[in-house]
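All values below come from the heavy atoms of this structure, side chains included, with hydrogens, waters and symmetry mates left out.
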Amino acid sequence: MGPILERSAQLGFLGGMPVTEQIDHARGFCEAAEGHRGGPPDSAMDLGTGGGIPGLVLAAVWPEVELTLFDANQRRTDFLFEEVEAWGVAGRVKVLRGRAEEIGRVPELREAFDLITARSFGSPGVTAECAAPLLKIGGIVVVSEPPEVNPPERWPVEGLATVGLAPGSIYRHRDRFGYQILEKRTETPDKFPRRTGIPTKRPLF
């Protein structure tokens with residue numbers, strides 16, 4: 001998995017943080033999810049996986065989990081598809097390209113996952129609207145958070161409830177990285193996600 005991420009970084013698919021630190025940050029998603037759930041999920045989607053962070057790390061840490069790496073960019077998803085095939089995990093790790101507003105309406109993907117991870121996917125309102133339709137009731141979203149934020153302002157209870165979510169705990173990984181957990185409490189109304197582009201133009205909160 002490390003060499004794949006090094007190649008991803010060389011292609012410009014990862015941010016400026018050193019790859020070793022990005023792997024450590026990705027492990028925080030695993031620890032946050034396991035701590036909240038009491039163990040790994042059965043199924044997970046990395047929403048906006050980019051060059052494979054945290055998705056590829058999740059695949060390495062959780063060898064039994066059915067995982068979907070989702071992104072809208074063709075170059076990144078082509079790269080990930082080739083690397084997943086070469087790694088030999090294509091049977092349980094899928095690479096999917098498209099718009100998040102569209103996949104949230106695909107019957108076999110709607111409310112299909114125990115866990116959604118999101119790292120730099122979008123604003124809180126956009127992330128909540130795009131992630132919630134994909135989650136089973138009882139599932140969770142783990143979102144990477146910037147330092148020094150006010151969670152009640154970023155994740156308002158009423159806004160989250162619109163799509164069936166509720167704020168859960170906050171996890172800190174090695175006092176460096178923060179993660180907000182959101183819980184899927186009720187079914188997401190059929191009208192969500194709204195059509196392509198609308199969540200960004202008119203965010204829920």
Side-chain angles (χ1 to χ4, degrees), residues 1-34 40-41 43-104 106 109 113-124 126-128 130-131 134-135 140-147 171 173-174 176-181 196-197 199-200:
M1 175 265 296
I4 299 176
L5 292 175
E6 292 288 354
R7 288 192 288 274
S8 182
Q10 291 168 5
L11 290 168
F13 296 154
L14 303 182
M17 186 188 299
V19 170
T20 54
E21 292 189 31
Q22 296 205 46
I23 291 174
D24 189 34
H25 180 247
R27 288 183 181 276
F29 283 92
C30 301
E31 293 181 9
E34 287 191 12
S43 59
M45 174 183 282
D46 186 20
L47 192 61
T49 196
I53 291 287
L56 292 175
V57 178
L58 270 59
V61 173
W62 292 332
E64 304 300 323
V65 173
E66 297 288 329
L67 181 65
T68 299
L69 309 179
F70 175 80
D71 201 86
N73 182 276
Q74 182 169 350
R75 286 188 64 228
R76 292 193 289 259
T77 51
D78 284 349
F79 165 79
L80 289 172
F81 179 79
E82 292 175 4
E83 295 294 340
V84 163
E85 287 280 340
W87 189 7
V89 295
R92 67 175 182 89
V93 180
K94 298 180 175 63
V95 179
L96 182 63
R97 182 174 67 248
R99 295 285 305 193
E101 300 97 325
E102 296 171 357
I103 65 160
V106 176
L109 297 176
F113 298 94
D114 300 307
L115 169 69
I116 303 291
T117 55
R119 173 183 180 265
S120 304
F121 174 75
S123 69
V126 173
T127 300
C130 292
L134 299 164
L135 269 182
I140 61 171
V141 188
V142 180
V143 187
S144 176
E145 287 280 76
Y171 178 74
H173 179 59
R174 300 185 182 179
R176 294 188 60 204
F177 306 118
Y179 310 81
Q180 174 69 53
I181 295 175
T196 300
T200 301

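- Here CD1 of I103 is found 4.0 Å from CE of M45. Values are rounded to the nearest 0.5 Å.
- The side-chain hydrogen bond (donor to acceptor under 3.5 Å, both in side chains) analysis of residues 57-72, with sequence neighbours excluded, yields the pairs E34-W62, D71-R76.
- Here the straight-line distance linking atom CG of L135 with atom CD1 of I116 works out to 5.0 Å at 0.5 Å rounding.
- Residues satisfying the salt bridge (Lys or Arg N to Asp or Glu O under 4.0 Å) criterion with E31, sequence neighbours excluded, are absent altogether.
- Counting all heavy atoms, side chain and backbone alike, T200 lies closest to V126 at CA-CG2, 3.8 Å.
- Of the possible donor and acceptor atoms, none in the side chain of Q180 sits under 3.5 Å from a partner among the backbone N and O of V143.
- Atom CZ of R7 is surrounded by more than 12 heavy atoms from other residues, nucleotides or ligands within 6.0 Å.
- Within the 3.5 Å criterion, the main-chain N or O of D46 finds no donor-acceptor partner in the side chain of R119.
- The CZ atom of F70 lies 10.0 Å from the CZ atom of R97; values are rounded to the nearest 0.5 Å.
- Here the straight-line distance linking atom CG of L58 with atom CZ of R27 works out to 10.5 Å at 0.5 Å rounding.
- In plain terms, the two heavy atoms of V19 and A9 that are nearest each other are CG2-CB, 3.8 Å.
- Taking the side chain to side chain contact (heavy atoms under 4.5 Å, CB included) definition, one finds that A60 meets it with M1, W87, sequence neighbours left out.
- Looking at heavy atoms from C-beta onward, V65 lies out of side-chain contact with D114 at the 4.5 angstrom threshold.
- Side-chain atoms of Y171 and E145, non-hydrogen and from C-beta on, never get closer than 4.5 Å to each other.
- One distance of note links CZ of F79 with CG of N73; it measures 12.0 Å at 0.5 Å rounding.
- A search for side chain to side chain contact (heavy atoms under 4.5 Å, CB included) contacts involving E82 returns nothing, not counting sequence neighbours.
- The backbone N or O of G122 lies less than 3.5 Å from a partner atom in the side chain of T127, making a donor-acceptor pair.
- With S8 contributing its side chain and I4 its backbone, the two residues share no donor-acceptor pair below 3.5 Å.
- The shortest heavy-atom contact between V142 and A32 is CG1-CB, 4.0 Å.
- Across H173 and D24, no two heavy atoms sit closer than the pair NE2-OD1, 2.9 Å.
- Closest approach of M17 and Q22 over heavy atoms only: O-NE2, 2.9 Å.
- Two residues are said to be in side-chain contact when any heavy atoms from C-beta on lie closer than 4.5 Å; F29 and L115 fail this criterion.
- When all heavy atoms of G51 and L56 are compared, the closest pair comes out as O-CD1, 4.1 Å.
- In terms of the salt bridge (Lys or Arg N to Asp or Glu O under 4.0 Å) criterion, R75 has no residue partners (sequence neighbours excluded).
- Partners of T196 according to the side chain to side chain contact (heavy atoms under 4.5 Å, CB included) rule, which considers only residues two or more places apart in sequence or in another chain, are R99, E101, E102.
- To the nearest 0.5 Å, atoms CD1 (I53) and CG (L69) are separated by 10.5 Å.
- Put simply, the side chain of V141 does not reach to within 4.5 Å of the side chain of L47, judged on heavy atoms.
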- Query: So V57 and L5, side-chain contact (heavy atoms from CB on, under 4.5 Å) or not? Walk me through it.
  - Reply: CA-CA 9 Å; V57 178; L5 292 175; 4.1 Å; yes
